[in-house]
Structures are given as structure tokens and as C-alpha cells.
Amino acid sequence: MSEQTGAPGAARAELVRQIYLAGISGHKPELSTDLTSLEEAARAVLEPHAYAYIAGNAGTGTTGRANREAFERWRLLPRMWTGVSERDLSVTLFGQRLDAPVLLAPVAAQTVAHPEGELASVRAAADVGLPFVLSSVSSHSMEDVAKAAGSEPRWYQLYWPNDPAVAESLVRRVESAGYAAIVVTVDNPAFGYRPCDMDTAYIPFVHGHGIANFTSDPAFRAGLPEDGGPLAAAGHWAKISSNPALTWDDLPRLRSWTTLPILIKGIQHPDDARKALASGANGVVVSNHGGRQLDGGVAALDVLPAVRAALGPDVPVLMDSGVRTGTDVVKALALGADAILLGRPYLYGLALAGQAGVEHVLRCLLADLDLALALTGSRSVADITRDLVVPSGPLAP
Ligand SMILES: Cc1cc2nc3c(=O)[nH]c(=O)nc-3n(C[C@H](O)[C@H](O)[C@H](O)COP(=O)(O)O)c2cc1C
Ligand SMILES: O=C(O)C(=O)c1ccccc1
């Protein structure tokens, strides 16, 4: 984790003070501190197909909008004079201490946003002291990303390939490369119906993005035709990457390949959360893939309390889909999450300014989160309890 002396919260409030002081001397931040405005800024610098790929949702965008509406429906009910001069954002997951309850979500093919792709993102995460979750579908190999992370923590997201030799080989490499957890995504038995991508007919892999973990894998390469170029590799990846036959009975096989903690990402029904744990998982990520898979689905935040209730207080429950501000993080934690994953906002930072842009997004989110703790009367994450949020509307007398 990042070196931090004194109260971590004080360090983050200091960031906000610095931004204001810089403003007084005429230096405005290069990127807006309103993270929700970065989407439009990124749109202006990205090729239309690249913007569509990152910002896109499934179908008519109903699930994507629902994710945001769910956050809007909850309001924070702050408490005063609780003594908040020292604030501690740290949490412990699977015995790993995190400086803050925030991870970078797995996002595929990041060289679509910036030539340095995942290397820029993981360096930013490492500088700020947050874990980076590497997508299976990355533009740099897991070993290169691990090297860029140095001693800072990284997790690996697994799309379980339908070729058993490739699946096991990937998992063994994940462990050798020092990843600290495996996040198995289950909401992708098929790619969602995404008009945004279909209408630009854009496929990142054909353009050299996103299959570095496979082209560097001996088991994958063994299945490639001898004279095949990059297109053949992309074609072979497409063949082995989809695995709609998976059921909960398969999870013990993955369990036998690794001692790392296994999280199941894409959980929405409380019964699936129970099945995940019963099949050998150690935690879940409540997520609808940022609204990119099933359109017309439930908001991730809306199902979070039921999943937490199903698993009890001690099982790690993470969430993503729609988190945009520090106060969103507080709402998610109050409704049952132990930590959140941030998706598109850091990709917009990456598109706008590479590693520095991702760092900007992460530092702003943490500063906002730290201030949200102070302003709600919370000294630590443990103080963020269910009674800190109420439905929007008049408070019952
Ligand atoms: C461009 C893009 C690519 C993604 N690729 C993956 C992926 O490879 N694996 C995965 O599990 N989730 C993937 N996701 C979903 C994210 O991990 C995360 O669930 C989602 O972005 C969270 O929602 P948010 O963008 O509203 O924060 C992707 C999301 C985006 C925007
Ligand atoms: O776009 C996505 O959301 C995603 O998960 C993905 C999966 C495989 C390849 C590219 C993107």
C-alpha cells in the first residue's frame, strides 16, 4: 500500500486544499474535479468508435440509467459533532489492507482509450495505493501489468475460457505473477446486445487491442494455426472465449487450481450469491456490468442490501455499476458493500491524460470520499452504517 504518515484522511483533505490554493494563484486543475463532466471531455478527444465502446450500454440504456437513478433515490442523513478530525478510510478484505474501499474495475482493451492502456492505469492505481483489477481481455499481458504494479496489489478478472487447458494455464500464471485475488465474471454468457458497438461495427481485437494474455499463453498458442497472423489469433480467441455452458458445478474445478480468494462478479439475485458461496467462492461483486449486458435489468445498488442480507455480515460483498462520486461510495457502503469498483470514470481520465488522468480521477474520488466521511460525521468506514441513508423525500417524524 502507499506510504502514508499521519491520518490518511488528513492527506486527502490536503489535496482539496491544494486545489483551492492553486486556484487562488490562478492555476486551475487541468481536468475538471467534477468527475461526471469527464465523459463529455473524453468524448471530444476519442474516436467515435472508441467513445461508443467505453460509454456504451446494452439496448436502450435502461439498466445504465437505472444504476444512476438508484443512487439518486437515496439521500445521506448526516450527523454532527461526532469528532471527525482524524478519518480512516482503510478496509481489510481477505486479510489485505486497502487504504480506501475503492478498486479499479476490470475494463477490457484499454489501449482503445490511450496507447499505454492498462500500464498507465495500473501505475496510477499503484501511486494512489488502490488495487487494480486486470481484465482477462487486456492489451498488455498480466506479467507486464504485474511488473508495472511493482509491490502494489493487483487482482485478476477471469473470463473462463471454454478451452480447459487455456483456463488452467491462465489461472496458474495469475498466481505466479503475484495477483492477490481472482474475480470471475459470470454476467457474460453472451455479449450484450449493444447497438452502440454494432452500429460502428467496431471490434477492438481485430485492431490489436485486448488479447495479450492469450497471445502470450502457451496453451492458447498451441491451438493456433501455424501460419496465422493477428487476425487468426483474434478469431481463435473469439472461439474459446465464450463459455455459455458454465454452471455452479464448475466452480470447484477452478477452486482446485488456486488457493487465491475467488470472487464472483455479476451477482444480482440473492440466491446466486448463496450459490456462489456454496460452490466455493469467497466473496461476490454485485454488478450488472455497468449496464452493458442485460438491458431492462435491476440497478446494482437496488439489489445490494438483499445480497448482503443473504450472505450475512462477514462475507466480502463488493459492488459496482454507477458509482461516480465519493458520496456514492458512502451510499453503497451504507447499503451493504465492503468496497466499490470504479469503471468508466477512470477510463475517461485515461483517455484525457493517460496515467496522470487516471490519478486525477482517483485522487478526486478519494478526496470527495474523505470529505463525505467528515460531513456525515463518520470517523471510519465502520461508522458508515445503514441509518446514514434514507430514501429521498420527507423524513418520517
Ligand atoms: C469499456 C468497458 C469494458 C469492460 N470490460 C470488462 C471486462 O473485461 N470484464 C469485466 O468483468 N467487466 C468489464 N466491464 C465492466 C466493469 O468491470 C464494471 O462492472 C462497470 O464498468 C462498472 O460500471 P461503471 O462503468 O458504471 O462504473 C467493462 C466496462 C467497460 C465500460
Ligand atoms: O465490453 C465489455 O463490457 C466487456 O466485458 C468485454 C468483454 C470482452 C471483450 C471486450 C469487452
Side-chain angles (χ1 to χ4, degrees), residues 31 35-68 104-121 134-140 157 159 185 187-215 228-242 244 266 287-297 320-322 324 342-354 357-358 361:
L31 299 180
L35 300 182
T36 63
S37 75
L38 297 183
E39 177 173 347
E40 273 317 299
R43 183 175 201 160
V45 302
L46 285 167
E47 298 280 339
H49 64 259
Y51 170 77
Y53 161 65
I54 296 167
N57 280 311
T60 55
T62 312
T63 310
R65 284 190 300 277
N67 284 334
R68 285 303 308 148
L104 283 76
V107 168
Q110 296 191 13
T111 46
V112 171
H114 186 276
E116 289 166 21
E118 294 84 1
L119 297 180
S121 298
L134 179 69
S135 167
S136 273
V137 193
S138 53
S139 304
H140 295 280
Q157 177 265 328
Y159 279 132
T185 301
D187 59 16
N188 210 334
F191 216 63
Y193 186 85
R194 299 185 196 167
C196 46
D197 287 340
M198 292 187 284
D199 289 355
T200 60
Y202 179 64
I203 304 171
F205 323 106
V206 173
H207 301 271
H209 308 283
I211 56 171
N213 285 324
F214 299 90
T215 50
L231 262 187
H236 188 55
W237 175 81
K239 244 183 271 160
I240 65 145
S241 62
S242 172
S287 167
N288 57 29
H289 216 102
R292 296 165 70 82
Q293 285 296 95
L294 175 69
D295 198 24
D320 73 26
S321 299
R324 295 293 175 266
L342 187 71
R344 292 180 186 90
Y346 87 82
L347 261 291
Y348 298 137
L350 179 64
L352 287 161
V358 178
V361 168

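Values below: all heavy atoms of this structure, side chains included; hydrogens, waters and symmetry mates excluded. Quick caveat: nothing in here was measured; it's all calculated off a predicted structure. Positions are given from 1, in the same order as the sequence printed here.
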Participant: For Cys196 versus Gly56, what's the shortest heavy-atom pair and its separation?
Facilitator: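 Scanning both residues completely, I find the closest heavy atoms to be SG-CA, 3.5 Å.
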Participant: Going through the distances and angles, do Glu47 and Tyr53 end up as a side chain to side chain contact (heavy atoms under 4.5 Å, CB included)?
Facilitator: CA-CA 10 Å; Glu47 298 280 339; Tyr53 161 65; over 6 Å; no
Participant: Under the criterion side chain to side chain contact (heavy atoms under 4.5 Å, CB included), I'd like the reasoning laid out for Val45 against Leu352: C-alpha separation, chi angles, the key distance, then a yes or no.
Facilitator: CA-CA 7 Å; Val45 302; Leu352 287 161; 4.0 Å; yes
Participant: Write down the atom of Val112, the atom of Leu46, and the distance for their closest heavy-atom approach.
Facilitator: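 Closest pair (atom of Val112, atom of Leu46, distance): O-CD2, 4.2 Å.
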Participant: About how many Å separate OG of Ser139 and CG of Asn213, when rounded to the nearest 0.5 Å?
Facilitator: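 Asn213 CG to Ser139 OG: 9.5 Å, rounded to 0.5 Å.
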Participant: Is the backbone N or O of Ser287 less than 3.5 Å from a side-chain atom of Asp320, with the two atoms forming a donor-acceptor pair by type?
Facilitator: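 A pair under 3.5 Å: no.
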Participant: How close do Gly297 and Ala66 get, counting heavy atoms only, and between which atoms?
Facilitator: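 Looking at all heavy atoms of both residues, the closest pair is O-CB, 4.4 Å.
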Participant: Between Ser121 and Tyr346, is a side chain to side chain contact (heavy atoms under 4.5 Å, CB included) present by the stated rule, with each step listed?
Facilitator: CA-CA 8 Å; Ser121 298; Tyr346 87 82; 3.6 Å; yes
Participant: Do the non-hydrogen side-chain atoms of Thr63 and His289 ever get within less than 4.5 Å of each other?
Facilitator: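 They are not in side-chain contact.
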Participant: If the condition is side-chain hydrogen bond (donor to acceptor under 3.5 Å, both in side chains), which residues does Arg194 pass it with, not counting sequence neighbours?
Facilitator: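 Scan of Arg194 (side-chain hydrogen bond (donor to acceptor under 3.5 Å, both in side chains), adjacent residues dropped) gives Gln293.
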Participant: Tell me every residue that passes side-chain hydrogen bond (donor to acceptor under 3.5 Å, both in side chains) with Tyr51, counting only those two or more places apart in sequence or in another chain.
Facilitator: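 Partners of Tyr51 under the side-chain hydrogen bond (donor to acceptor under 3.5 Å, both in side chains) test: Glu39.
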Participant: Is the backbone N or O of Gly290 less than 3.5 Å from a side-chain atom of Ser321, with the two atoms forming a donor-acceptor pair by type?
Facilitator: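 Checked: pair present.
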Participant: Please check this pair: side chain of Arg65 against backbone of Thr60, looking for a donor-acceptor N/O pair closer than 3.5 Å.
Facilitator: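 Yes: the side chain of Arg65 pairs with the backbone of Thr60.
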Participant: With a 3.5 Å distance limit and no angle check, can you tell me whether Arg43 reaches the backbone of Ala55 through a side-chain donor-acceptor pair?
Facilitator: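 The answer is no, because no donor-acceptor pair under 3.5 Å joins these two groups.
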Participant: Can you see which heavy atom on Ala351 is nearest to which on Ala42, and at what distance?
Facilitator: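 Smallest interatomic distance, heavy atoms only, reads CB-CB, 4.3 Å.
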Participant: Short question: side chain of Arg344, backbone of Ile54 - any donor-acceptor pair under 3.5 Å?
Facilitator: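 The answer is yes, because a donor-acceptor pair under 3.5 Å joins these two groups.
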Participant: Counting C-beta onward and ignoring hydrogens, is there a side-chain heavy-atom pair between Leu104 and Val358 closer than 4.5 Å?
Facilitator: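 They are in side-chain contact.
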Participant: Do the non-hydrogen side-chain atoms of Asn67 and Asn288 ever get within less than 4.5 Å of each other?
Facilitator: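 Yes - at least one pair of side-chain heavy atoms lies under 4.5 Å apart.
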Participant: How about CD1 on Ile240, more than 12 heavy atoms from neighbouring residues, nucleotides or ligands closer than 6.0 Å, or not?
Facilitator: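 Yes.
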Participant: Is there side-chain contact between Thr111 and His209, with heavy atoms separated by less than 4.5 Å?
Facilitator: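 Yes - at least one pair of side-chain heavy atoms lies under 4.5 Å apart.
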Participant: Work out which heavy atom in Val361 is nearest to a heavy atom in Pro345; give both atom names and the distance.
Facilitator: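 Nearest heavy atoms, Val361 then Pro345: CG2-O, 3.6 Å.
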Participant: Calculate, to the nearest 0.5 Å, the distance between atoms OG1 and CD belonging to Thr185 and Gln157 respectively.
Facilitator: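 If we round to the nearest 0.5 Å, Thr185:OG1 and Gln157:CD are 3.5 Å apart.
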Participant: In this structure, is the centre-to-centre distance between the rings of Phe214 and His236 below 6.0 Å?
Facilitator: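 So the answer is no for these two rings.
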Participant: Quick one: closest heavy-atom pair of Val107 and Glu118, and the distance?
Facilitator: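 Minimum heavy-atom contact is O-OE2, 4.3 Å.
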Participant: Please determine whether side chain to side chain contact (heavy atoms under 4.5 Å, CB included) holds for the pair Gln110 and His140, giving the CA-CA distance in whole Å, both sets of side-chain angles, and the decisive distance to 0.1 Å.
Facilitator: CA-CA 9 Å; Gln110 296 191 13; His140 295 280; over 6 Å; no
Participant: Given side chains that start at C-beta, do those of Glu40 and Tyr348 come closer than 4.5 Å, heavy atoms only?
Facilitator: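 Of all side-chain heavy-atom pairs linking Tyr348 with Glu40, none is under 4.5 Å.
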Participant: With a 4.5 Å cut-off on side-chain heavy atoms, are Val137 and Phe205 touching?
Facilitator: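 SC-SC contact between Phe205 and Val137 confirmed.
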